[in-house]
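First the structure, in the form of structure tokens, and then the observations on it.
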Number of protein chains: 2
Amino acid sequence: MNIGEIARRAGVSRSTVSYALSGKRPVASSTRRRVQDVIDELGYRPNATARALKEGRTRTIGLVIPPAGNRLTHMQLDFVASVVDAAARVDLDVLLSPSGEDHDRSFERLVSEGRVDGVILMEIRLEDPRVGRLQAAGVPFVGIGHTAGDQGMSWIDVDYAGLVRHCVRHLADLGHRRVALITRSAELVAAGYGPARRAGEGFAAAVAERGLDGIEVPCGDDARSGQECVEALLRGHSGLTAVTTINEAALPGIQRALADAGLAVPYDFSITGVAARTWAEDFRPPLTAADVPALEMGEKAVALLMQRITAPDAPPRHILLTPPISLRSSTAAART
Amino acid sequence: MNIGEIARRAGVSRSTVSYALSGKRPVASSTRRRVQDVIDELGYRPNATARALKEGRTRTIGLVIPPAGNRLTHMQLDFVASVVDAAARVDLDVLLSPSGEDHDRSFERLVSEGRVDGVILMEIRLEDPRVGRLQAAGVPFVGIGHTAGDQGMSWIDVDYAGLVRHCVRHLADLGHRRVALITRSAELVAAGYGPARRAGEGFAAAVAERGLDGIEVPCGDDARSGQECVEALLRGHSGLTAVTTINEAALPGIQRALADAGLAVPYDFSITGVAARTWAEDFRPPLTAADVPALEMGEKAVALLMQRITAPDAPPRHILLTPPISLRSSTAAART
DNA sequence: TTGTATGCGTTATCAG
DNA sequence: CTGATAACGCATACAA
């Protein structure tokens with residue numbers, strides 16, 4: 001069933017049906033009524049593909065997520081959910097594309113076949129070929145995270161350097177002298193993953209500033225890795241009394257390793273870091289942490305993208321979020 | 001840039017470009033070469049929208065996920081990831097639609113605007129109006145889970161009744177006499193959510209069969225609810241020595257409540273249930289559980305959907321998965 | 001081996 | 001206030 005069928009049954013022309021639906025030109029109320037009745041009876045809705053072809057826009061945005069193999073973290077999941085939600089609120093559909101490798105058929109379809117009006121690019125690398133690809137193709141996009149060179153793109157990011165610096169200062173204020181940063185996987189760090197790099201910078205800066213003894217260790221995105229990581233840390237670094245982490249998936253393992261070592265949090269050992277709020281609250285004891293506002297980020301990313309789409313020539317915008325550190329119960333004065 | 005531009009630059013007609021690309025009719029190798037050179041130079045890819053309009057199919061499938069508000073469980077997340085992955089392997093894109101309420105704009109767009117070739121419907125209810133809606137619209141679809149009446153649809157599901165029955169029998173064999181089933185939220189059970197209902201049936205059957213004392217309790221999908229749930233259970237039912245659960249999100253809380261009560265797993269208390277494999281393995285001690293094969297389900301769901309799309313009149317197919325119970329370390333003989 | 005012409009379902013322009 | 005008609009970009013039946 002199509003607009004012609006409706007027109008035929010209502011005894012009007014196709015354009016009248018179209019205008020009755022869009023309201024873009026006056027239609028006699030009697031005519032409109034007749035048309036609407038037919039539409040209601042048959043449950044007609046304009047075909048999205050034909051409309052997209054005619055209008056030159058798809059009312060769809062692409063969301064490029066990390067490849068499916070790597071399990072998404074809660075933070076990432078919350079972000080995806082909030083993007084889908086924010087998009088739905090403005091009647092936009094979301095096309096999912098798992099991408100990461102340089103050559104990716106799904107990503108290529110997205111950028112060069114005109115399937116979407118714009119793209120949200122998650123998990124951006126400091127050097128990310130996809131950014132150039134999108135720019136060359138002229139597809140509006142916003143990055144979650146930003147590249148090293150910035151490249152005149154719009155992005156929204158979390159100030160990992162600042163947050164980790166804050167965390168370390170907080171630990172220093174509590175008297176901790178020997179602290180570790182548990183970061184993301186060695187592969188990710190090597191690949192130039194921004195948050196990991198910047199967290200490392202913030203850590204180094206704060207450690208230097210306060211004259212602490214700081215150890216940075218990579219850690220896989222799962223509980224087991226977290227456990228092994230802390231076990232190794234405790235084995236190799238006596239006098240360690242606190243860790244800060246940006247690896248939320250490792251938290252359950254971190255917790256476990258400490259419990260196994262007979263260390264009570266926060267009396268014997270302090271933990272702090274950057275994590276999704278529910279994750280921090282579910283931790284035991286509740287985690288003193290910067291709560292990544294994933295939901296807010298999703299909303300803002302969609303808003304930013306809409307701006308890029310409607311005003312491609314406007315100067316790109318950047319949003320750097322620095323959520324406050326929520327003081328909960330996982331940090332305390334260092335034992336003397 | 002479009003096919004006409006390529007044709008012009010290569011000095012051939014549009015159809016020749018089209019055929020050079022599709023290979024659906026012979027093209028002189030010299031001509032093909034010339035066309036290909038222009039295409040490579042300009043990086044041309046046929047517009048997906050125009051192609052979809054012409055061909056009558058979008059090469060896109062819809063994935064209807066639970067509304068964003070409710071955080072997805074790991075099982076669901078794994079499923080989404082595997083669907084996206086399986087779809088990408090056959091060059092299909094995935095359109096995400098958060099739906100649940102009866103009236104949902106995003107869902108309506110999906111079914112009535114021809115945006116997708118077919119739909120995978122997650123989190124199906126025993127009575128689910130969306131099933132009728134899809135059938136009325138003539139959109140091929142497969143359900144994850146099935147309705148009460150079956151309604152001649154294709155679906156893939158996990159045999160929750162059978163799995164819970166197995167779990168309870170296992171506990172009975174170990175000498176447990178008083179056991180509880182921790183199911184999903186009261187709302188979900190009330191709404192006629194299949195897995196919860198069927199788990200309840202399996203539980204009741206096994207309890208009766210073995211002459212046990214069984215308690216079924218609803219529980220929200222989060223750690224906190226799990227904790228409160230077990231606390232209440234321990235308070236109200238002395239002599240309880242084991243629980244089985246289909247609520248994987250509650251597991252961390254269940255674990256915590258038992259630890260707080262000074263009960264060691266599995267020596268003082270046994271736990272078993274249905275969960276994603278990584279979840280079960282990350283549990284401490286590793287959970288004796290039926291590992292829901294979410295990845296396999298995603299792949300099979302896509303395959304099933306492809307069949308519905310290519311052969312709409314073929315009889316619908318059903319796949320009921322009964323993963324084996326992996327014996328790990330969370331169950332032991334009841335203390336006497 | 002190649003070119004021309006048509007139609008997919010819309011929206012919007014141009015006439016009336 | 002309404003109707004005929006031309007695009008949007010592509011694939012394909014029909015002609016040559």
Side-chain angles (χ1 to χ4, degrees), chain A residues 1-36 38-39 42-60 91 93 109 111-117 137-139, chain B residues 1-36 38-39 42-60 91 93 109 111-117 137-139:
Chain A
M1 170 196 353
N2 55 32
I3 199 172
E5 178 72 9
I6 303 296
R8 203 179 56 69
R9 299 214 192 196
V12 296
S13 72
R14 298 202 313 262
S15 46
T16 296
V17 175
S18 180
Y19 285 118
L21 232 33
S22 71
K24 289 187 181 174
R25 98 178 173 187
V27 172
S29 61
S30 61
T31 313
R32 148 169 295 140
R33 181 60 184 272
R34 200 146 30 90
V35 170
Q36 192 59 52
V38 177
I39 286 176
L42 301 189
Y44 165 78
R45 300 276 301 259
N47 179 284
T49 305
R51 184 204 291 245
L53 180 58
K54 178 61 186 165
E55 293 190 335
R57 61 176 182 141
T58 59
R59 297 167 191 264
T60 303
D91 287 333
D93 282 325
R109 279 202 302 273
V111 304
S112 55
E113 294 185 358
R115 290 182 111 85
V116 295
D117 298 334
V139 176
Chain B
M1 169 192 357
N2 55 35
I3 198 170
E5 177 72 9
I6 304 296
R8 204 179 55 70
R9 298 213 193 196
V12 297
S13 73
R14 301 203 314 258
S15 53
T16 297
V17 175
S18 180
Y19 284 120
L21 235 33
S22 71
K24 289 189 180 174
R25 97 177 175 189
V27 172
S29 60
S30 61
T31 313
R32 149 169 295 142
R33 182 59 183 272
R34 202 147 29 90
V35 169
Q36 192 58 53
V38 176
I39 286 177
L42 301 190
Y44 166 78
R45 299 277 302 260
N47 178 285
T49 305
R51 184 203 291 246
L53 181 58
K54 175 64 185 167
E55 292 189 333
R57 64 178 179 139
T58 60
R59 298 168 191 263
T60 303
D91 287 333
D93 282 323
R109 280 204 301 274
V111 304
S112 54
E113 295 185 357
R115 289 181 113 84
V116 295
D117 297 335
V139 176

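Just so it is clear: chains get the letters A, B, ... in the order the sequence lines come, proteins before strands, and each one is counted from 1.
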Whole-Å distance, B/R32 CZ to C/dT1 P, equals 10 Å
With hydrogens left out and only the distance checked, is there a donor-acceptor pair under 3.5 Å joining B/R14's side chain and the base of C/dT4?
no
Is the distance from OP1 or OP2 of C/dT4 to the nearest side-chain N or O of B/S13 less than 4.0 Å?
no
Inset, instruction - Record whether the side chain of B/R25 comes under 3.5 Å of the base of C/dT1 through a donor-acceptor pair of N or O atoms. - result: no
Review point. Does a nitrogen or oxygen in the side chain of A/S18 sit under 4.0 Å from OP1 or OP2 of C/dT11?
Key: yes
Walking DNA chain C from its 5' end, the first of B/G11 and B/L53 to be reached, judged by nearest nucleotide, is B/G11
note: A/R51, atom CZ; D/dG9, atom P; distance rounded to Å ~ 18 Å
Q | Test side chain to side chain contact (heavy atoms under 4.5 Å, CB included) applied to B/I39 and B/L21, step by step | A | CA-CA 10 Å; B/I39 286 177; B/L21 235 33; 3.5 Å; yes
Which of D/dG3, C/dT11, D/dC10 is nearest the side chain of A/K54? It is C/dT11
Review point. Looking at side-chain heavy atoms only, is the closest gap between B/I6 and B/M1 below 4.5 Å?
Key: yes
Closest of D/dC1, C/dT10, D/dC10 to the A/N47 side chain is C/dT10
| request: Return no unless some side-chain N or O of B/N2 is found under 4.0 Å from OP1 or OP2 of D/dG9. | output: yes
Comparing nearest nucleotides in DNA chain D, the 5'-proximal residue of the pair B/T16, A/A28 is A/A28
Can you check whether A/R109 reaches B/D91 side chain to side chain, under 4.5 Å on heavy atoms? yes
Separation of C/dA12 atom C1' from A/I3 atom CD1, nearest Å, is 11 Å
Next item on the list: Look at all strands and tell whether A/T31 reaches a base, only sugar-phosphate, or nothing, counting heavy atoms closer than 4.0 Å.
Entry: sugar-phosphate
ask   = Would you say a side-chain N or O of B/S15 is under 4.0 Å from OP1 or OP2 of D/dT12?
value = no
For B/Y19 and D/dA13, is the shortest distance between a side-chain N/O and OP1 or OP2 below 4.0 Å? no
Checking B/D117, B/T49, B/D93 against B/T58 for side chain to side chain donor-acceptor pair (under 3.5 Å), the one that qualifies is B/D117
All heavy atoms of B/R14 vs all of B/I3, minimum pair found to be O-CD1, 3.7 Å
B/R8 CZ to C/dG3 C1', in whole Å, measures 17 Å
A/E55 atom CD is separated from D/dA7 atom P, nearest whole Å, by 18 Å
For this session: Output yes when at least one side-chain N/O atom of A/K24 is less than 4.0 Å from OP1 or OP2 of C/dA12, else no.
Result: yes
